[in-house]
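Read the numbers this way: they start at 1 and go in the same order the structure lists the ligands and their atoms. As the structure is a computational prediction, the values presented were derived from the model and not from experiment.
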Amino acid sequence: PYMREVSGVKVLEDRLREKLKLESVIVVPGDSDESEWVKEEMGKACVTYLQSIAGPGQTLAVTGGTTMASVASRMTPSAGMEDWLFVPARGGLGERVEHQANTICVEMAKKAMGNYRLLYVPDPISEESYQNIIEEPSVKDVLGIIRSSDIVIHGLGDALTMANRRKTPDDQLAVIKERQAVGEAFGYYFSQSGEVVHKVRTVGLQLEDLEGDREVIAVAGGSSKADAISSYFQPGKSSVLITDEGAAKELIRDT
Ligand code: F6P
């Protein structure tokens, strides 16, 4: 029975890779909506993947969220990762401290025996302060590192779940609902067809930056995230997806 399960996951990986036109897909057994340990398994799969592509002196940018927190909790030191530099992908997005990119970045760096640089940006931020902050030399320095990072790992969530979790102001929440946002990643909200319908104002990695020559790894699972995953991948912004069986089965259901 174990072999059959493993080969079932392989079939899901192949079908999903084809459907979302990705370089690589990893599916862990289970559904993280139902069992918390499945998220830990995705975290572990992500660490193993990172170790497999590890080279000296790389910079890794990471986002926040509970899935990224489980990647951090599974991080272990590995040859070739000691001199890695960890940075948060974007400034504050309204997450609680333990799920903020800065916090996760420090934990990952420590566990990998690497280094880190952080972004201190108030959140939310006015247009005026935003313009001033990005000109601050210390912020500018870190922003440069972020935008030229070699590897990006990020979470991906359901639009309304994220908007509520972040205590999004009513006027913005109305836009998100009216424009039928389905998925969210990096502070960008996407419609089912993959169009950006709202964007949180913060510093750091912009969606356009993902197009460069770098490895972009999305880690997201749970059957409730299937629509969010497909909305984000409509134009195809990341090359690798690490997910679970729950989301994968839902994603290939109508193909
Ligand atoms: O807020 C950071 C973030 O990575 C979002 O971009 C994403 O939607 C969310 O966290 C995912 O959170 P979780 O892994 O807890 O579902």
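Side chains of Leu12 and Glu245 form a contact here, defined as non-hydrogen atoms less than 4.5 Å apart.
Put simply, CD on Glu184 and CE on Met162 are 5.0 Å apart, with the number rounded to the nearest 0.5 Å. A distance of 12.0 Å separates CG in Asp244 from CD1 in Ile242, rounded to the nearest 0.5 Å.
Near ligand 1, residues Thr63, Gly64, Gly65, Thr66, Thr67, Glu95, Gly155, Leu156, Gly157, Met162, Arg165, Arg166, Glu184, Ala185, Phe186, Lys225 come within 4.0 angstrom through at least one heavy atom.
One side chain, Tyr49 or Glu215, offers a donor N or O that lies under 3.5 Å from an acceptor on the other.
Salt bridge absent: Arg15 and Glu18 never bring a charged side-chain N and a carboxylate O closer than 4.0 Å.
Cluster annotation: Phe190 and Ile217 are assigned to distinct hydrophobic clusters (Ile/Leu/Val/Met/Phe/Trp/Tyr, side-chain heavy-atom contacts under 4.5 Å, transitive).
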